Amino acid sequence: MNKNIAFDLDGTLITCKSKQVMLLKYLASSNHICITELDLFWELKRDGCSTLRALQVLGINESISKKISRDWINEIEDWYWLTYDTVYEGVFNMLDSLKPSNKLYLLTARRNKKNLYRQLDQLGLMNYFDDVIPVEHNNVALNKKDFLVKASCDFFVGDTETDYQATLGTSVKFIGCTNGQRSKIFLSRKGVEHFYNDKIISGE
Amino acid sequence: MKKILITGAGTGTGFSYVTHIKKNWPTNVEIHICDVNYPQYITSSLFTDCFHKIPYANDIEYTDRILEIINKNNIDLIIPLLNIEILKLSIAKAQGLLRSSTNFLYPIDIAAKIANNKKYATEIMRTANVPSPDIWTNYDSLPDVFFRKPQDGFGSINAKTLYKKDIEHRQLDDGYIYQELLSGPEVTIDCFYDPDLDFISTTCRERLEIKNGVCTKAKVFKDISLDNIALNIARVIKIKGGFCFQVMKSQQSNEWKVIDLNMRLGAGTAMSYAAGKDYFAATMALYLKEDYMKFLGTDKVGIVTRQYTEFFINE
């Protein structure tokens, strides 16, 4: 115990699939494209594809794919889409067990800080963290690394290769979550060795 | 893959059913919707798999058109949202025109009577010992002041307080139900019922503000006495999944009395979702024989407000 533990937010503590799939469905329909292979889209993203690349694999022409991807980035943090997020099962129990004897931080690449704090409050997550740090988007991995080092974090729990890269060259141990943005196979290919279960953090 | 058809897709209720089902079952439930408007005017169409334009439910062509959609697309489950549609589908089923493999979430014949005849609804509540307002069917027995609402109403539209002295020709209109005036608050109870386990889950919403018959501000809370009423209703209407009903208080006894019952969820049920319970998704999970408890969260107490969200469709 008495560890400093940082958590990513989307795909780590809260779901990310519903809002992404529904936003895609909306943007495609708005451009008169009916996408039915929503699970395939999601698996492509979990295997490392960007939104743009996944749309192209689904056979959508380049110009519409670019338009949808652009609109996606602009809208994904709008409040309406955030209402599709829910807290993963087991997260509250995990945070309840860690909070008393550890320092907990939330480290996220969210741009819309107002909606971030509002959502954390509404989902009941805000009070678990000693600090909530939204990093700038110019270099997410580097910006997350800066905080992890300054805060002397022992662990960083995240769901993407960017989160993992933020721990490289530091003493921070990365723990991968596999229900979020990236699959276990993809994260393993990128070098992630440890994956989340209750025993990892509490045992160390 | 299961195929479902949701009618009245242009309603707030339709939008909630569509979005809550699609976000949880993006590919293994194929959602068909229908409406009298073209799809570019229906927000739900942005999230569904197939849109069907249909005539108004009271048009003579309606039944043939809806049956064509159901039979050609091998629809497994229909969720009709408008009372007259429930009636027409009930008639079609009784006439053997509906595929035997097409299901509803309740006995369609009971639903048709409840939806289109509020007096029947009151009687069925009484058989289940569910408290309901006194009703009057003749002018002479009316009290000085009472409440009148349409027999086949939707939301609170055309429902109001009236005085006996204002009734024309001392005649009551068969298109309305005349019942005792009750006191506020008006509370809607969103419910989920699993008949196999006799399990009920509820959220109470006190309507603080209503616009065009739809709740726009609500206080959300839990009330054990309303839980018990919900259970008695669910057992007698034999519903599987979500439904909602409304109560107000008797001016004499101060007890809750059921003033309206819908064998479906409402547009305001999305406010219960904001407070932690997804009755739309739980209903689909029950139908699919999946775990529904994960959608029923914990009971929260607080205020829910609503604002519009805009959706754009390119020309």
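Per chain, numbering begins at 1; letters A, B, ... match sequence-line order. Every value quoted in this text rests on a predicted model; they were computed, and no experiment measured them.
Contact check for T15(A) versus K23(B): no side-chain heavy atoms found under the 4.5 Å cut-off. W79(A) places none of its side-chain heavy atoms less than 4.5 Å from the side chain of T309(B). Put simply, the side chain of K22(B) reaches to within 4.5 Å of the side chain of L38(A), judged on heavy atoms. Under the 4.5 Å side-chain criterion, counting only non-hydrogen atoms from C-beta, H32(A) is in contact with I313(B).
Within a 6.0 Å radius of CG in N74(A), other residues, nucleotides and ligands contribute more than 12 heavy atoms. Residue K66(A) qualifies as open at atom NZ: its count of foreign heavy atoms under 6.0 Å is 12 or below. Within a 6.0 Å sphere centred on CD of E290(B), heavy atoms belonging to other residues, nucleotides or ligands number more than 12. Few gaps surround NZ on K222(B); more than 12 heavy atoms of other groups in view lie less than 6.0 Å from it. Within 6.0 Å of NZ on K99(A) lie more than 12 heavy atoms contributed by other residues, nucleotides or ligands. The environment of Y41(B) atom OH is sparse: at most 12 non-hydrogen atoms of other residues, nucleotides or ligands sit within 6.0 angstrom. More than 12 heavy-atom neighbours from other residues, nucleotides or ligands sit within 6.0 angstrom of NZ on K3(B). Shown here is I185(A), whose CD1 atom has no more than 12 heavy atoms of other residues, nucleotides or ligands within 6.0 Å.
Residues T83(A) and Y273(B) come closest through the heavy atom pair O-OH, 2.9 Å.
By number of non-hydrogen pairs under 4.5 angstrom with chain B, the leading residue of W42(A), Y80(A), F41(A) is Y80(A). Across D278(B), T27(B), N24(B), the residue that shares the most heavy-atom pairs under 4.5 angstrom with chain A is T27(B).
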Exercise for review: Kindly indicate, with the supporting measurements, whether the criterion side chain to side chain contact (heavy atoms under 4.5 Å, CB included) is fulfilled by F312(B) and Y26(A).
Suggested key: CA-CA 9 Å; F312(B) 177 76; Y26(A) 160 55; 3.8 Å; yes
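Within the model, atoms OG of S29(A) and CZ of F47(B) stand 7.5 Å from one another, a figure rounded to the nearest 0.5 Å. For the atom pair CG (L27(A)) and CG (N314(B)), the distance works out to 10.0 Å, reported to the nearest 0.5 Å. The line from CG of D39(A) to CG of N28(B) is 6.5 Å long, rounded to the nearest 0.5 Å. The distance from atom CG of N31(A) to atom CG of L46(B), rounded to the nearest 0.5 Å, is 10.5 Å.
With a 4.5 Å cut-off on non-hydrogen atoms, K300(B) touches chain A through its side chain but not through its backbone. At a 4.5 Å heavy-atom cutoff, Q307(B) makes no contact with chain A through either its backbone or its side chain. Proximity to chain A (any heavy atom under 4.5 Å) is shown, for T43(B), by neither the backbone nor the side chain. Contacts between K17(A) and chain B at a heavy-atom distance below 4.5 Å involve the side chain alone, from C-beta outward.
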